[in-house]
Amino acid sequence: MPYGNINVDTVTTTTPGGILGGGNASLMKNRIINGAMVIDQRNAGASVTPTSGSYTLDRWYFSLAQTSKLTTQQNAGSVTPPIGFTNYLGITSQSSYTVGTNEFYSIVQTIEGYNIADLGWGTANAKTITVSFWVQSSLTGTFGGCLNNGGSRSYPFTYTISSANTWEQKSVTIAGDTSGTWGTTTGIGVQIWFNLGCGSTYSGTAGAWASANKVAPTGAVSVVGTSGATFYLTGVQFEIGSSATGFEYRIYGTELANCQRYYWKKAGQYPSANTTVGAGMLYSANDARACLANPVPMRIAPAITFSGSGFGFERPNTFLGTIGSPAAANYSPEASLIYSGSGTSSGTAGDATFWYITDNTSYIAVNSEL
Amino acid sequence: MNFNQADKVQEYSLNGVPVGILVVNGNDRTCIPLVAGNTDYQAYLKWVAEGNTPLPAENE
């Protein structure tokens, strides 16, 4: 039965004083993944000395001229995080190092092109964004960071830490770049760099876009310049708009899946159980082949690391054969083929098999980071 | 990935078809797809461009 037409310009809520959507509710407002520093698949909270290019907490990697100038750990120093957070990324300087002219030390997140495609950067319609974060350091002064498209466009920015060893929330608003080339698919979209020390070659004028590969503002505090200095970071948000809004918390499973698009890890749990890796068949007498399915479609066909020697397979009437030289092939964002190469047990080609991790130190790591 | 610390770097094939780069580093075996957008493969190409040579290819 027709009731006629209803034209609606505004939908409001009967909640006193509120309008639906008038708060901070929106989906993927924050383009940073793991900005709350909750997920640490690689190190599970352990302290590490990162090498350049190595990831520590999920989605965050270090770009370093030299190794051994700093250590990093989720919740290093065990300080109380800012209200609303339970974790932070902690960095501790290991020496009083004077950064060389061509050197830089930074913690970086690269946002995939698909996740910034709507910003319109590189066009006349480039949108303004705001970066906000909580930071604490044993040092005070003018710190810095930078936005970068991977090498040819950059925007150094500064922020001030006023009180040592005290959480402070900072925000930086940046007019979108109307020039340059900005990735909009599976490659680099935007990189956000937090500077820990930078020489003059890669330092630039703060507050302006430049056609140059800069990663820090000129004159920023050098964390690696003071032995024992700390730098703690959490609540990082990159959002469209000219002011910072409340941090977008995400359901844990959702954020874990966001991270697994770039990296995931299957670790052995023995002796509680052998860890099931995948099902397959014996391609030949001792070559067990199986499907390694990714938990989510990955950014691109991943590299696969087999760490340790605790890999085995089950086949009919025989519990385990050792997998001698695990390897992978037929890679795709969704799944890959893994095979044993050689083994110590033999069976019959065509037998069904399961792959297992058979100790608690071995693991499989699957990587398609940017 | 740091190729300079690797024990072994070689291209490998499965059933006669090239499928990837194998990097053995201590107790780790990393298999890298021949995919241009994979950053580990990009690192391998850079390592080769710097004058390094992988071991002869291996076929499974």
Side-chain angles (χ1 to χ4, degrees), chain A residues 50-55 61 64 67 110 112-113 150 183 185-188 262-263 283-284 286-287 289 292 298-311 323-333 336-343 359 361-370, chain B:
Chain A
T51 56
S52 190
S54 66
Y55 282 77
Y61 75 92
L64 309 169
T67 304
T110 299
E112 185 177 349
T185 60
T186 57
I188 295 172
Y262 306 92
Y263 177 92
Y283 183 79
S284 60
N286 59 2
D287 183 359
R289 300 189 176 185
L292 181 69
M298 301 191 74
R299 180 185 68 85
I300 201 162
I304 299 173
T305 297
F306 303 88
S307 182
S309 56
F311 300 99
I323 292 172
S325 303
N330 301 349
Y331 312 84
S332 80
S336 300
L337 168 71
I338 52 177
Y339 61 98
S340 61
S342 63
D359 62 25
T361 57
S362 299
Y363 63 85
I364 296 174
V366 184
N367 178 35
S368 70
E369 289 281 8
L370 281 157
Chain B
M1 170 161 293
N2 190 335
F3 286 87
N4 292 324
Q5 294 179 348
D7 301 325
K8 181 171 78 171
V9 179
Q10 68 182 151
E11 298 182 10
Y12 69 101
S13 300
L14 180 64
N15 301 336
V17 179
V19 291
I21 309 299
L22 173 66
V23 182
V24 178
N25 199 336
N27 222 12
D28 291 350
R29 295 169 56 87
T30 298
C31 301
I32 300 171
L34 308 174
V35 173
N38 183 288
T39 50
D40 287 320
Y41 184 59
Q42 292 167 4
Y44 167 75
L45 295 177
K46 181 172 180 284
W47 178 78
V48 172
E50 290 169 348
N52 298 291
T53 304
L55 297 171
E58 180 180 81
N59 183 45
E60 174 63 24

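This structure is a prediction, so every number in the text was calculated from the model and none was measured. Labels below follow one simple rule: chain letters A, B, ... track the order of the sequence lines, proteins then strands, and each chain is numbered from 1.
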| message | Could you measure the distance from the CG atom of B:Leu14 to the CG atom of A:Leu337? Nearest 0.5 Å is fine. | response | 6.5 Å
| Can you name the closest pair of heavy atoms from B:Cys31 and A:Ala328 and give their distance? | SG-N, 3.4 Å
| message | Would you compute the distance between atom CG of B:Asn25 and atom OG1 of A:Thr305 and round it to the nearest 0.5 angstrom? | response | 9.5 Å
| field | Region of B:Asn38 that comes under 4.5 Å of a non-hydrogen atom in chain A | value | both
| request: Heavy atoms only, distances under 4.5 angstrom: which of A:Ser368, A:Gly308, A:Ala327, A:Ala329 has the most pairs with chain B? Name it, please. | output: A:Gly308
| Between B:Leu22 and chain A, which part of the residue has a heavy atom less than 4.5 Å away: side chain, backbone, both or neither? | neither
| OG of A:Ser362 to CG of B:Asn27: how many Å apart, nearest 0.5 Å? | 7.0 Å
| Closest heavy-atom contact between B:Gly20 and A:Tyr331? | CA-OH, 4.5 Å
| field | Option that, when pairs with chain B are counted at under 4.5 Å, heavy atom only, ranks first among A:Gly187, A:Ser309, A:Pro302 | value | A:Pro302
| remark: When rounded to the nearest 0.5 Å, the distance separating OG1 of A:Thr51 from CD of B:Gln5 is 7.5 Å
| query | Side chain, backbone, both or neither: which part of A:Phe306 has a heavy atom under 4.5 Å from chain B? | reply | both
| message | Using a 4.5 angstrom heavy-atom cutoff, name the option from B:Asp40, B:Val19, B:Asp28 with the most pairs to chain A. | response | B:Asp28
| Non-hydrogen atoms of chain A under 4.5 Å away: do they reach the side chain of B:Tyr12, the backbone, both or neither? | side chain
